[in-house]
Structure formats: structure tokens, C-alpha cells
Protein chains: 2
Amino acid sequence: MTPADQPRRRGRPAAPLLSQEKITRAAVELIKVRGYAALTMAALARQLGVAPSALYNHVNSKRQLLLWIQDHVNREIDCSDFGARPWDEALESWAHSYRDAYARYSPLVPVIAVTPIAGSPHTVAMYEQVAAGLRAGGWPDDQIVDVVVAVESFILGSAMDAAAPDDIFDVPSAQAPVLAEVVGARVGRDAARAAFELGLATVLAGLRDRFNALGG
Amino acid sequence: MTPADQPRRRGRPAAPLLSQEKITRAAVELIKVRGYAALTMAALARQLGVAPSALYNHVNSKRQLLLWIQDHVNREIDCSDFGARPWDEALESWAHSYRDAYARYSPLVPVIAVTPIAGSPHTVAMYEQVAAGLRAGGWPDDQIVDVVVAVESFILGSAMDAAAPDDIFDVPSAQAPVLAEVVGARVGRDAARAAFELGLATVLAGLRDRFNALGG
DNA sequence: ACCTGAACACCGTTCAAGT
DNA sequence: ACCTGAACACCGTTCAAGT
């Protein structure tokens, strides 16, 4: 039923083919299926069944598209433990979720690391919850941002490391005997994850030290 | 004096205009003066006074050029404290030097994070010294790579953060009141450096905890 | 061996023209 | 308001031709 008080011009209906939602979903799909390098404006338009120039009626630039994707990815990150559990446990589960999300989208890391968050609602909501959780946990206001940035730096560095090939440190033992030996001494399958777990445990232990020293 | 036993063909001398050394120095200079985005093969050739295609007689691809630059930058990193001072102090000065070097070349970070080191002699030498220093300090072989990777992840994440604008977390307090408040509570000038220093102290404290728990 | 100049297949983006 | 098709200024890279 077409309401009489919504007059229509002659010709085809006004419903646009594209939207931020559709474009973002198509872009994420494209990255998942064919990899980040395949995300070109032309390929994206093709996936959406429009001409490349049509995209520019909805998005200002490829960079803005990357920010839409960032906000979409950040939506997946679980920060629900902040406010519900002790700050260190919340930080731990958040770090895991955050690292795993960007291990799948590692080419986005350099973009998000330098982009103001203001235009990304889900991203802002995430940081708000993290900041509120740390404050409620007893952290002083003037250290909270530094703590978050420090932990995030480790997370994003680890997400990039997760994209590295397994043989990144392989080297002839004649050239670097000690390095070759300790690389060989690593056990287990997912080396990047092992390093992340060791690092995260280390960071959390250091933060607990710092937190306990606050009162004195 | 042209030695008689080094016969020369007629025409101009065989001395080439380009070399890995010259190309790398010109590329680093270009990045320093005009920024990373200005590093194109055409601009580089122009700086060297040759045609763009001439570069490909010496370098296989732009990616290989980036690896040359990486090795050049890594040469600046000071790891001389490993073997000369306690492992934690050596790690600290190395981290500072490493972070400062890549804060100036942050667009290289995503490249080096996923590139095998074998083809980069100075890079291999750096890791060899770090690994040997940690081993001499008493770390067990099977944890050394994880420790190095974890610290490096934090360093590279911090180097990217150093390239972020100062207002990256600025947000309307109506949208995120706690975040706005703790961002305002930060004091001092170089926010990225403050976060790095807090994070590094945290990581080192955590590593000392872990190290001291090893014997038991 | 090493350089030039022309060419190629892309890339993101713009814009007049249509509906 | 939103789409198409042609065009633009770039990009990294290749290659025949010269010396």
C-alpha cells in the first residue's frame, strides 16, 4: 500500500541501490573471501552490481570506507567484562577478543592506529566502556588513557605479528647460531599466539604490580 | 692511471650510475624530506637523475626496496647493551632505540612485521645479539623467541601510535563522558611517549616477575 | 651491463549526462 | 537523489632498443 500522502514522482522508485550498511558488508565480505589486496573500489562496485563511480554518492573516499570497516570490526570486540568482573580479568578477555578480531584484518591496523575515533560510534562506545571499567576498578583518571594505549599498542603489534609467516625468523645457523638455536627450541604450533599469551600475561602482571603500588 | 691489464671497451666507462647503497640512501632521504607517501619509484628515479625503469636493473620491486630501507633503519637501532649489562636494562635501552627509530618510519612497520629477516644482514645481526644477551642473562631457550616477539609487538604498536594525531581520542563528553574526562586528565606534552614509557615499565616489571619465578 | 623511452595494466577519483 | 560511462592523473612494472 502506497500512502497517498507520500507523493511519488513518475518513473522508477527512489529506493537507492547502495547504503553505508550495504557497502560495508560487501567490503568485509570481499576481504574475507579474496583478501585485503582484492578490496579495490572497482571490485567492490562489481560485487554490488554498480559502476565504480556510484560508490562516491555514498562514501567520500576509500579511506572513509576503511573507517566504516574499522567500526564494523570493533563491533565484534567483546568488552562486556568491564564493569562485570575485576579490571584485570576484563582487560584480559578484551585483549583476546581485540587481538583475534584484528588478526583477521591486519592490514587495517596501520589505519586504525592513526585515525581519530570520533566518527566511529561503536569504537567510541568500546573505549567508553573500557575507561569506565578501569575507573570503577580503582585506576586514577590520569593513568587510564596511558594504560589503554599501552595495552592496545601491544594488541595491535600482536595482531600484525599474527599475519607473519611461520618462517619469519628462519636463518642459517652459520650466520646467527644462537638465534637459529632458540628459534628451533620453540615448541607448539601457533607461534604468534604463544608469544601473544606470554606477552599478555606479562603486561597484566606488570599492571597488577603498578596498581598495587598506587596506594602507598 | 688505467691499468693495461684491465682492458676497456670503446665508449663511456662501465661505472654504473646506481647501486643498492645509492638507491637506499636516496629513498631514506626522500622519506625524511617529503614523507613516506612521496616515495614512488618515479620520484626516487627523479631524485637519482635516471629514468624510472633504470631502477629495475638493481632492485626487483618496490617491496624489495622497502626491505633495503628496513635493514638500513635497523642498523641505527642500538643493541650494544646486550651482553654488557643485565638483560632487563639491555631490553629497556634496545626498546627505546627501536621504538624511536620506527616512530620516524612508521609506514614501514606493517612491512617489517611480516617479512622474513633472512635477507637482511643487519636485522639478523640485531636479533642474534638480542637472543644471545637473553640467553646469557639466564632465560631458557624455549622462551627467548616469545619474549622477543612479545616485546617487539609492543614496540611496533607503540611506533605506530607515535604517528597518531594528538586528538585521536577527542570525543564529545555527551557521547562518552568517562572517556572525555580521562582524556582530559592526561598531563604532559608527548602523550604517545608517556604511554610507551608506562607500557615499557610494565612489560619489564612483568618479565622480571616471570624470570624470578623460573628457578622455583 | 646498464640506461632510455614508450607502453601496459592497474588504481582512486571526478564529472557531465541521464532518469 | 542517484546512477552510468568516459575521462584524468597517477601508480608499479615490462621490454625493445640503444651504448
Side-chain angles (χ1 to χ4, degrees), chain A residues 2-3 6-28 30-31 34-70 107-108 110-111 114-115, chain B residues 2-3 6-28 30-31 34-70 107-108 110-111 114-115:
Chain A
T2 308
Q6 283 189 16
R8 281 274 166 83
R9 296 176 188 280
R10 282 166 306 209
R12 56 178 170 81
L17 294 173
L18 301 178
S19 66
Q20 174 173 344
E21 176 87 9
K22 282 184 183 174
I23 292 172
T24 305
R25 296 191 106 83
V28 169
L30 199 54
I31 293 174
R34 296 178 46 205
Y36 181 82
L39 178 64
T40 66
M41 298 303 271
L44 181 57
R46 186 177 166 75
Q47 173 120 340
L48 288 159
V50 297
S53 53
L55 294 169
Y56 291 88
N57 287 304
H58 303 267
V59 66
N60 291 329
S61 63
K62 185 170 182 180
R63 178 155 221 287
Q64 187 179 48
L65 170 62
L66 296 181
L67 300 189
W68 290 356
I69 299 173
Q70 174 203 356
L108 284 179
V111 178
V114 301
T115 303
Chain B
T2 308
Q6 284 189 14
R8 281 275 166 82
R9 297 177 186 279
R10 281 166 307 208
R12 59 180 167 79
L17 294 173
L18 301 178
S19 66
Q20 174 173 345
E21 176 87 11
K22 282 183 183 175
I23 292 173
T24 305
R25 297 190 105 84
V28 169
L30 200 54
I31 294 174
R34 296 177 48 206
Y36 181 82
L39 178 64
T40 67
M41 298 304 270
L44 181 58
R46 186 178 167 75
Q47 174 121 339
L48 287 160
V50 298
S53 54
L55 294 170
Y56 290 88
N57 287 304
H58 302 269
V59 66
N60 291 330
S61 64
K62 185 170 182 180
R63 178 155 222 285
Q64 187 179 48
L65 169 63
L66 297 181
L67 300 190
W68 290 357
I69 299 173
Q70 174 203 357
L108 284 179
V111 178
V114 300
T115 303

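Keep in mind that the numbers below use all heavy atoms, side chains included, and drop hydrogens, waters and symmetry copies.
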Task: Step-by-step side chain to side chain contact (heavy atoms under 4.5 Å, CB included) determination, A:L17 to A:K22 - done: CA-CA 9 Å; A:L17 294 173; A:K22 282 184 183 174; 5.9 Å; no

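The backbone N or O of A:L39 sits less than 3.5 Å from a side-chain atom of A:K62, completing a donor-acceptor pair.
Across residues 44-54 of chain A, A:V50, A:A51, A:S53, A:A54 each have a non-hydrogen atom less than 4.0 Å from an atom of DNA chain D (numbered order).
Distance B:N57 CG to D:dT13 C1': 12 Å, rounded to the nearest Å. Rounded to a whole Å, the NE2 atom of A:H58 is 16 Å from the C1' atom of C:dT14. Between the CG atom of A:L55 and the C1' atom of C:dT13 there is a distance of 11 Å, rounded to whole Å.
Here the CD1 atom belonging to A:I31 is positioned 4.0 Å from the CD1 atom belonging to A:I69, to the nearest 0.5 angstrom. Between atom CG of residue A:L48 and atom OG of residue A:S19 there is a gap of 9.0 Å, rounded to the nearest 0.5 Å. Of the inter-residue distances, the one linking A:L65 atom CG with A:N60 atom CG reads 11.0 Å to the nearest 0.5 angstrom. Interatomic distance, B:L55 CG to B:L44 CG, rounded to the nearest 0.5 Å: 5.0 Å.
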So which protein nitrogen or oxygen atoms get under 3.5 Å of nucleotides 9-12 of chain D's nitrogens or oxygens?
residue	atom	partner	partner atom	Å
D:dG12	OP1	B:K62	NZ	2.9
D:dG12	OP2	B:M41	N	3.0

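A pairwise comparison of heavy atoms in B:T40 and B:A37 identifies CG2-O, 4.2 Å as the closest pair. The heavy-atom pair separating B:P52 from B:A42 by the smallest distance is CG-CA, 4.2 Å. Here the closest heavy-atom approach between residue A:V59 and residue A:M41 is recorded as CG1-CE, 4.2 Å.
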TODO: Could you summarise the pairing of DNA chain C as dot-bracket text, marking Watson-Crick and G-U pairs under 3.5 Å with ( ) or [ ] inside the strand and | across strands?
DONE: ||.|||||...|||||.||

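B:I23 is listed as a side-chain neighbour of B:H58, based on a closest heavy-atom distance under 4.5 Å.
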